[in-house]
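Taking it in order: structure first as structure tokens, then the write-up.
Every chain is numbered from 1, with letters handed out A, B, ... down the list of sequences. Since the structure is predicted, the reported quantities are computational estimates derived from the model, not experimental observations. The analysis underlying the following values was restricted to heavy atoms, covering all of them including side chains, and did not include hydrogens, waters or symmetry mates.
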Amino acid sequence: MERFKKIVKFSAGCVVLGLILLAAASGNIPTGGEGGVIEHNLREKRDATPLIYSESEEMPRLEQGLSEIKLR
Amino acid sequence: MSNNSGLRSLIRSEDWWAVWFGAAIIIVALLHFTGKAPKLGEWVKNPLNQFESYERVYPLENKPADLNIEGPLSKHLKYDEKQGVLIYKGLMTASQMREMQKFSSDPEYKSAIDQLYHSPPVAKSNIILKLLFLMVSLGLMTAIGVKAMGHNPFEYLAGYVVIFVLAIIAYTFSDQNVIKAYGLGYAFWALLLGLLISNTIGTPWWLLTGARTEMFIKTGLVLLGAEILFGKILALGAPGLFVAWLVTPTVIIFMFLFGTRILNMASKTLVIIIAAATSVCGVSAAIATAAACKAKKDELTLAVGMTLIFTVLMMIFMPIAIKMVGMKTAVGAAWMGGTIDATGAVVAAGSMLGAEAEKIAAVVKMIQNILIGVVAFVVAVYWAFRIERTADAPRANAMEIWYRFPKFIVGFIGASIVFSFVLIPIYGSNYIESEIISASTKTIRGWLFCIAFVSIGLESNFRDLGSQLVGGKPILLYICGQSFNLVLTLFAAYLAFGGILFGKI
């Protein structure tokens, strides 16, 4: 019985994770609309997951663009 | 002490093995023995798409005069003038197609982008074999160390393979395009998957033998050292340094004193991990500090969980608040760069304020990131010198501190120094950053951290996590520390980027 309970809990967890993936893949996760940062990230293909600067593929472009900002 | 001292420790201690593993991976990358390390790609509807890279090509004879491909999409869309074609790499959604149509007013170009979107993507390469090669080579290499440390390498490998597969599943979650936009990366999903197993069916013993969390984390940290490049510190001049390097240590000290003296939290390791995660750069700082002070796994889980959730909230609400009060763009950008924990979320939030703000926010964060090495080193020394010493013990001498000192920090700092002051001056930063770090060490470090987080989840349970939360002190520490960080960083950003101390930007 104990083993059965554990398997049921595990299966329920897997179902929840599966539903999150399904909702994300079908676009049924709220993105905050046009003005929101999530929608903005999706539109511009932005990856918000990098933890540190070297993980961000945007950094070379941003560092290069920095020279355009002049200290006045 | 015996295991940590003398020549014997060089092949018996996990810390030294982490240094050897890290050095071996760096040498292989420098000699280009293997190609690019496999990195899973983005997917939208079909998870299998992450194993392949895609490309679309559509003819456009004349380049539009006003064509200006900008932003993150410039990584994907190119115009090949020789062949007269538009090339798009990766998967494309309808909203991205509409965004790319804004790059020129030419109707022919807009129509070509529309056709590009509707043309079927062609799979260019598959990474499954490379992934298999990485799993096997990393497994065999670490098994040598496991054997030298006195454990059964075959039992280890049985668990390791399953943990690696769980890490692939964690990456599958984080590579879905909507989840990516939310900023919920592999660390979150890897922890969740591990916790799901350990708290339901329980982690079987053979799987635990593969969960060598410290070994994966320490090896990953040695590789992370290669990414901490000191040359980046002055990228934004004095204002960037002022915001990133003045506020950060102040917040760490404030949070450490607040947690230990005001909140009277029993675990100093938990306090310092939360302080480092809040003030430096979230998850990566938490990992480095936890390893430096030998924290418990559930303490790291708790700090990482809090920082991931608050990062998403700050990414969503800080740009709204800045726009609402009409704050100067540069000040707002520096404020977000100094306070939002993860770089991806900083760049995303910064871009909401405009192109210039995106750059300032990202670079302030980058300068702050360099502090990881300094913080980990100081914490390791402080712990060896003060915290691990019993009250009645005599003052530790230099040798005693060295015995207690976590040796992998030597590899971490060493890699940073070698890359910053030897390899970059010799080979140039473009080559080292794109061909060595981006192509190999960074990706392998990501895999090591991912399997480490799966392992942490497999070894943790909700009861232990709950006991850490008793009285809500860790959350209170995070909220008070982050509030102090927000106020102090705003003040520093105003002084540095508001034209008070350094002239207007």
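- Of all heavy-atom pairs spanning B:Leu73 and A:Glu44, the tightest one is CG-O, 3.8 Å.
- Within the model, atoms CD1 of B:Ile370 and OH of A:Tyr53 stand 4.0 Å from one another, a figure rounded to the nearest 0.5 Å.
- Atom NZ of A:Lys45 sits about 4.0 Å away from atom CD of B:Glu42, to the nearest 0.5 Å.
- Proximity to chain A (any heavy atom under 4.5 Å) is shown, for B:Gln368, by neither the backbone nor the side chain.
- Across all non-hydrogen atoms, the minimal contact from A:Gly36 to B:Met352 is C-CE, 3.9 Å.
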Mind running side chain to side chain contact (heavy atoms under 4.5 Å, CB included) on B:Ile320 and A:Val37 for me, showing each step along the way? CA-CA 9 Å; B:Ile320 297 172; A:Val37 69; over 6 Å; no
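- Here A:Asp47 contributes atom CG and B:Asn177 contributes atom CG; the two are 10.5 Å apart, rounded to the nearest 0.5 Å.
- With sequence neighbours left out, A:Lys6 forms a salt bridge (Lys or Arg N to Asp or Glu O under 4.0 Å) with no residue at all.
- Residue A:Ser11: no heavy atom, backbone or side chain, is found under 4.5 Å from chain B.
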B:Phe173 vs A:Leu17, test: side chain to side chain contact (heavy atoms under 4.5 Å, CB included). Steps then yes/no. CA-CA 9 Å; B:Phe173 274 89; A:Leu17 286 178; 3.8 Å; yes
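- Heavy-atom distances place both the backbone and the side chain of B:Ile201 under 4.5 Å from chain A.
- With a threshold of 4.5 angstrom between heavy atoms, B:Gln176 approaches chain A through side-chain atoms but not through N, CA, C or O.
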Step-by-step side chain to side chain contact (heavy atoms under 4.5 Å, CB included) determination, A:Cys14 to B:Leu196: CA-CA 8 Å; A:Cys14 290; B:Leu196 173 65; 4.0 Å; yes
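- The backbone N or O of A:Leu62 lies less than 3.5 Å from no partner atom in the side chain of B:Lys359, so there is not a single donor-acceptor pair.
- The greatest number of non-hydrogen atom pairs below 4.5 Å with chain A, out of B:Pro72, B:Gly71, B:Ala285, B:Gly202, is found for B:Pro72.
- There is no contact between B:Phe449 and chain A, counting heavy-atom distances below 4.5 Å.
- Annotation: the span from A:Asn41 atom CG to B:Ile316 atom CD1 amounts to 9.5 Å, rounded to 0.5 Å.
- Taken from CD1 in B:Ile287 to CG in A:Leu51, the straight-line distance is 7.0 Å, to the nearest 0.5 Å.
- Nearest heavy-atom pair across B:Arg445 and A:Ser54 is NH2-OG, 3.9 Å.
- You'll find the side chain of A:Leu21 stays beyond 4.5 Å of the side chain of B:Trp189, heavy atoms only.
- Counting heavy-atom pairs closer than 4.5 Å to chain B, the top-ranked of the candidates A:Met59, A:Lys9, A:Glu58 is A:Glu58.
- Residue A:Leu22 does not touch chain B at all, counting heavy-atom pairs closer than 4.5 Å.
- Under the 4.0 Å criterion applied to side-chain N and carboxylate O atoms, B:Lys232 and A:Glu63 are assigned as salt-bridge partners.
- With a threshold of 4.5 angstrom between heavy atoms, A:Glu55 approaches chain B through its backbone and through its side chain.
- When all heavy atoms are compared, the tightest approach of B:Gln96 to A:Leu42 is NE2-O, 2.9 Å.
- Looking at B:Thr443, there are no atoms closer than 4.5 Å to chain A (heavy atoms on both sides), in backbone or side chain.
- A:Arg61 and B:Ser74 are not linked by any side-chain donor-acceptor pair at a separation below 3.5 angstrom, with hydrogens and angles left out of the test.
- In this structure, B:Ala181 and A:Ile38 approach most closely via the heavy-atom pair O-CD1, 3.6 Å.
- Contacts of B:Lys365 with chain A are absent, with no heavy-atom separation under 4.5 Å from either backbone or side chain.
- In terms of heavy-atom proximity, B:Ala348 sits nearest to A:His40 at O-CD2, 4.2 Å.
- Most heavy-atom pairs under 4.5 Å with chain A, from the set B:Leu229, B:Leu308, B:Thr93, B:Thr172: that is B:Leu229.
- A salt bridge is defined here as a Lys NZ or Arg NE, NH1 or NH2 lying under 4.0 Å from an Asp or Glu carboxylate O, and B:Lys442 with A:Glu57 fails to meet this definition.
- Between B:Ser351 and A:Arg46 there is a side-chain heavy-atom pair separated by less than 4.5 Å.
- Note: B:His76 leads B:Met97, B:His76, B:Met100, B:Glu433 in heavy-atom pairs under 4.5 Å with chain A.
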